[in-house]
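Taking it in order: structure first as structure tokens, then the write-up.
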Amino acid sequence: MQTADIRQRWLDFFAQRGHTIVPSASLVSDDPTLMFTVAGMVPFVPYLTGLVPAPYPRATSVQKCIRTNDIDEVGKTPRHGTFFQMNGNFSFGDYFKEQAIAYAWELLTTSEADGGYGFDERDLWVTIYEDDDDAFRYWKQVAGLPDERIQRLGKDTNYWSTGQPGPAGPCSEIFFDRGPAYGADGGPATDDDRYVEIWNLVFMQYQRGEGTGKGDFDILGELPKKNIDTGMGLERVAFLKQGVENMYEIDQVRPVLDRAAALSGRRYGADHDDDVRMRIVADHVRSSLMLIADGVNVSNEGRGYILRRLLRRTVRAMRLLGVDTATLPELLPASRDAMKAAYPEVATDFDRISRIAYAEEDTFLRTLASGTNILDLAVADTKKKGAAELPGDTAFLLHDTFGFPIDLTLEMAEEAGLQVNRTEFDRLMADQRSRAKADAKNKKTAIADLSVYSAFRASGETVFTGYDVLETETSVLGILVDGASVTRASTGDIAEIILAETSLYAESGGQEADAGTIVGTGFELEVLDVQRPVKGLTSHRVSVRAGEVGVGDAARTVVDADWRRGATQAHSGTHIVHAALRQILGPEAHQSGSYNKAGYLRLDFSWNQGLSAETRSEIEDLSNQAIRDDLEVTTRVLPLDEAKALGAMALFGEKYGDEVRVVDIGGPWSRELCAGTHVRHSSEIGLINLVSESSIGSTSRRVESLVGRDAFRDLATERAIVSQLTSSLKTPREQLPDRIAELMANLKAAEKKIADFESRQLAQRIPELVSGARRVGAVTLVSAAVGSLRSSDELRSLVTGVRERLGSDAAVVALAADVSGKPAVIVGTNAAGRETGARAGVLARAAAAVLGGGGGGKDDLAQGGGSDVAAIPAALESISTSLS
Ligand code: SER
């Protein structure tokens with residue numbers, strides 16, 4: 001049974017039983033506590049917690065998921081994939097335990113001919129939560145399972161949550177027994193590889209709190225409703241139904257594995273380690289393809305880092321298979337071809353996806369080369385010292401800066417006959433992880449914190465009137481202070497205000513929130529921020545400037561008209577710059593992010609090289625041409641498919657509903673899906689002044705522009721500067737660059753003359769210093785304070801000059817000076833001096849200690865510094881004492 005068939009049977013089965021089919025959400029989760037969509041239930045969390053009323057009582061989906069916590073198991077077990085698809089059926093307060101169990105049993109055991117999966121009842125086992133007697137009873141009643149095939153297990157395995165505070169509940173897992181050839185008897189409680197978990201039924205009726213490991217969390221209370229969340233592993237059922245050994249051999253994955261085998265010239269099935277490597281490649285290539293398709297780009301943190309890790313582990317596995325050239329151009333298309341039937345975007349968007357993946361492979365191959373140099377040096381150094389272990393900080397540097405997985409370092413060290421100090425490496429990694437964790441914790445908003453909004457959201461969506469009007473009469477539905485619902489707020493308070501309607505734009509789609517006020521009888525609120533903490537609900541963060549506001553009061557939202565004009569100019573400007581970029585660079589220059597506010601816009605786009613000055617001017621010219629052409633700006637709301645058919649540009653990683661707003665500037669000249677506020681005619685933008693273009697990673701660039709009045713003001717400032725220069729240099733504008741270049745050249749020549757003169761003067765001091773030489777211990781010592789100097793370079797050249805004049809008898813020169821207010825001492829020795837045991841580094845360090853600082857260097861020349869100029873005589877004295 002092909003994977004596509006298993007998927008279709010699932011959707012048909014549940015659709016026939018009253019479930020709404022919901023398309024897969026993006027891998028990039030909406031939930032701020034989760035980096036990725038890790039389960040089929042993630043997009044439904046607001047319905048499970050009751051934060052947002054569920055639009056349907058039952059739903060079913062086949063959800064793309066990413067989990068990387070078991071990344072080290074990939075390829076070693078039959079069932080661990082970093083990317084996988086989870087078939088789910090969900091009930092939001094509708095059916096519960098008994099019906100969920102009945103559906104699962106029916107679909108699994110109905111024959112293939114009748115639309116089911118045709119599993120033999122005798123091969124199926126289940127586990128339940130230890131005290132879930134109801135589940136036990138239903139499994140006996142509904143499925144007729146004998147007692148010994150229903151195993152009771154603890155909270156660590158049979159109590160499910162996403163690992164974060166949020167919805168949770170006891171669960172019941174269904175397993176397929178692959179038979180005695182795969183492991184010991186005794187059911188799922190005994191053996192993981194023989195009994196493969198295929199389906200998890202979660203009876204989701206509780207809210208869990210904070211906690212770390214599995215099962216280590218408190219239950220805070222019941223959810224408003226009893227829900228069902230189930231997840232069947234599509235890949236797992238596929239490998240069992242396709243009669244293959246593991247999930248890497250199914251129709252959607254195997255082609256990549258075969259490609260890896262062909263490229264390496266090794267045979268799959270011949271060697272265990274090689275097999276694992278090929279399976280890692282097959283898994284990671286597919287995960288990378290799907291992640292990039294959902295808008296993830298390579299970076300050093302968060303999601304981008306996970307993507308980078310997957311791609312680098314692929315390169316690494318291929319290297320261990322004996323291929324050290326780029327292989328993604330072969331592997332990625334194989335994965336695309338296996339996945340495009342289920343996810344057509346991996347083919348239509350392949351240009352962009354492959355560009356990102358191939359660039360990362362090239363970068364890593366280069367990095368591998370430079371990292372290898374570092375490793376070679378460290379190996380040589382370690383051997384020179386006669387040690388057997390590479391220091392942990394070298395391994396950490398290679399990991400952190402060069403992206404070397406530790407096993408790569410271990411292996412390369414081993415090739416050189418060395419071990420690696422793992423303890424130190426692990427400690428550095430743990431330090432880094434706890435820093436990252438602390439950082440992530442600061443950024444997170446737990447789902448639980450959002451629950452306060454659910455009551456407001458339950459009474460409906462906040463209506464946005466601000467496309468048409470700047471002011472709206474409305475009423476106050478709720479007030480929050482410090483996250484808690486209150487009835488009033490008064491002068492000086494910072495509060496969140498929930499209204500029935502608002503003309504104030506909430507930050508979204510790259511556009512900053514509106515500035516403005518909310519006023520009513522007896523109160524005035526200054527709007528600090530406008531956000532949508534949950535879908536459909538707008539919250540206004542305000543400072544109460546005067547009076548007191550209460551729930552139920554009538555209020556008027558007032559947008560600052562000047563601010564809004566600037567914001568609409570900037571947002572329409574962003575669309576224009578995007579269209580201009582694509583006309584000039586080509587359609588691959590696709591927007592990957594944007595930000596705009598009154599007077600300013602920033603646009604990030606996929607592109608892997610800097611823009612020349614000419615290209616920048618061209619983009620700016622074309623943008624301003626579009627402004628002068630006075631293009632009409634129109635908006636309309638259409639079904640998503642129709643909008644896409646019209647060629648409207650959607651953004652990666654952005655979520656769209658069934659109905660979308662399309663913004664046209666000059667008809668199809670610029671056509672984007674966008675919910676922002678816009679000017680009515682492009683000429684209202686006034687002016688676009690492209691002020692910067694920079695890199696934000698290997699495949700992305702950023703342009704920044706000033707817009708409207710701010711654009712003009714910036715140019716006016718430049719004009720003022722130029723006119724100041726023309727008058728002070730008495731040079732016409734056009735000749736300014738030449739004139740400045742000429743002045744710079746003159747200045748350089750003058751500086752050189754001064755430097756020559758000063759060094760001659762310095763040299764003249766040498767004879768006098770030499771004449772002060774005296775015998776101390778076994779050497780001739782010149783030791784003197786030479787006053788103030790401009791740099792320690794001057795001091796150094798005095799020391800070497802004196803040393804030269806002292807000839808070949810044992811000599812030490814120690815000179816000190818005040819360099820820009822700080823004491824400096826430099827010590828030099830000649831060869832004969834060193835033979836007597838004098839070491840410049842040791843002497844300089846000792847003198848520096850007297851000066852209140854540190855120092856060091858080689859045996860022949862060394863430098864020290866400090867903070868106390870008055871200590872110079874004592875410092876010099878310490879040198880002569882230690883020589884005598
Ligand atoms: N959320 C559960 C899981 O991921 C069932 O869908 O296993």
Side-chain angles (χ1 to χ4, degrees), residues 6-7 10-11 13-14 19 21-22 24-25 27 29-31 33-49 54 58-70 73 77 79-92 94-97 99-101 103-105 107-108 126-129 132 135 153-176 188 192 195-208 214-215 217 219 223 225-237 247 447:
I6 300 170
R7 174 182 200 273
W10 176 278
L11 294 176
F13 179 89
F14 284 103
H19 292 66
I21 298 180
V22 180
S24 174
L27 286 169
S29 150
D30 263 347
D31 184 330
T33 66
L34 295 173
M35 178 132 62
F36 293 115
T37 301
V38 292
M41 51 76 81
V42 169
F44 301 113
V45 167
Y47 309 150
L48 294 167
T49 54
R58 302 171 170 211
T60 183
S61 64
V62 176
Q63 175 63 49
K64 301 178 270 187
C65 299
I66 289 275
R67 282 187 199 173
T68 54
N69 42 349
D70 287 330
E73 295 299 317
T77 78
R79 59 183 198 289
H80 280 101
T82 52
F83 172 87
F84 60 94
Q85 297 151 90
M86 191 178 275
N87 294 8
N89 59 291
F90 305 91
S91 150
F92 308 111
D94 189 20
Y95 61 85
F96 198 50
K97 240 177 242 193
Q99 185 64 76
I101 288 175
Y103 282 151
W105 193 252
L107 178 55
L108 288 175
V126 302
T127 60
I128 57 172
Y129 182 53
D132 194 349
L153 294 176
K155 198 172 172 191
D156 54 337
T157 60
N158 279 55
Y159 209 104
W160 201 88
S161 71
T162 62
Q164 297 291 336
C171 63
S172 175
E173 301 183 336
I174 309 172
F175 292 76
F176 177 84
D192 266 358
Y195 300 91
V196 179
E197 181 206 334
I198 51 179
W199 196 339
N200 185 12
L201 315 180
V202 185
F203 312 124
M204 202 153 249
Q205 64 186 107
Y206 300 107
Q207 174 89 23
R208 64 155 275 188
K214 278 187 168 178
F217 49 82
I219 296 302
L223 293 172
K225 289 178 178 162
K226 290 181 175 169
N227 307 301
I228 288 296
D229 149 35
T230 91
M232 187 190 80
L234 181 54
E235 283 75 6
R236 293 184 182 186
V237 170
M247 65 163 285
I447 297 172

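We count ligands from 1, going down the list as the structure has it; atoms in each ligand are counted the same way.
Of all protein heavy atoms, the one lying nearest to atom 6 (O) of ligand 1 is Asp229 OD1, 2.7 Å. Protein heavy atom in closest approach to atom 7 (O) of ligand 1: Asn200 ND2, 3.0 Å.
In summary, the atoms of ligand 1 found under 4.0 Å from a heavy atom of Met41, numbered by their order in the structure, are 1 (N). The Val202 neighbourhood of ligand 1 comprises atoms 2 (C), 5 (C), with distances under 4.0 Å to a heavy atom of that residue. Of all the atoms in ligand 1, the ones that sit under 4.0 Å from a non-hydrogen atom of Gly231 are 5 (C), 6 (O). Listed by number with element, the atoms of ligand 1 under 4.0 Å from a non-hydrogen atom of Arg67 are 4 (O). Interface atoms of ligand 1 facing Met86, defined by a heavy-atom separation under 4.0 Å, are 3 (C), 4 (O), 6 (O).
The aromatic rings of Phe44 and Phe90 lie tilted to each other, with the angle between the two planes from 30° to 60°. Between Phe14 and Tyr103, the two ring planes are perpendicular [angle over 60°; tilted spans 30° to 60°].
Inter-residue side-chain proximity for Phe96 and Ile228 is flagged as met; some heavy-atom pair is nearer than 4.5 Å.
Applying the 6.0 Å contact sphere to NZ of Lys225 captures no more than 12 heavy atoms from other residues, nucleotides or ligands.
The minimum heavy-atom distance between Thr60 and Gly88, with the atom names listed, is OG1-O, 2.8 Å.
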Checklist entry - So Phe203 and Tyr129, ring-ring contact (aromatic ring centres under 6.0 Å, His included) or not? Walk me through it. => result CA-CA 10 Å; Phe203 312 124; Tyr129 182 53; over 10 Å; no
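Counting heavy atoms under 4.0 Å from ligand 1, residue Thr230 touches it through the backbone alone.
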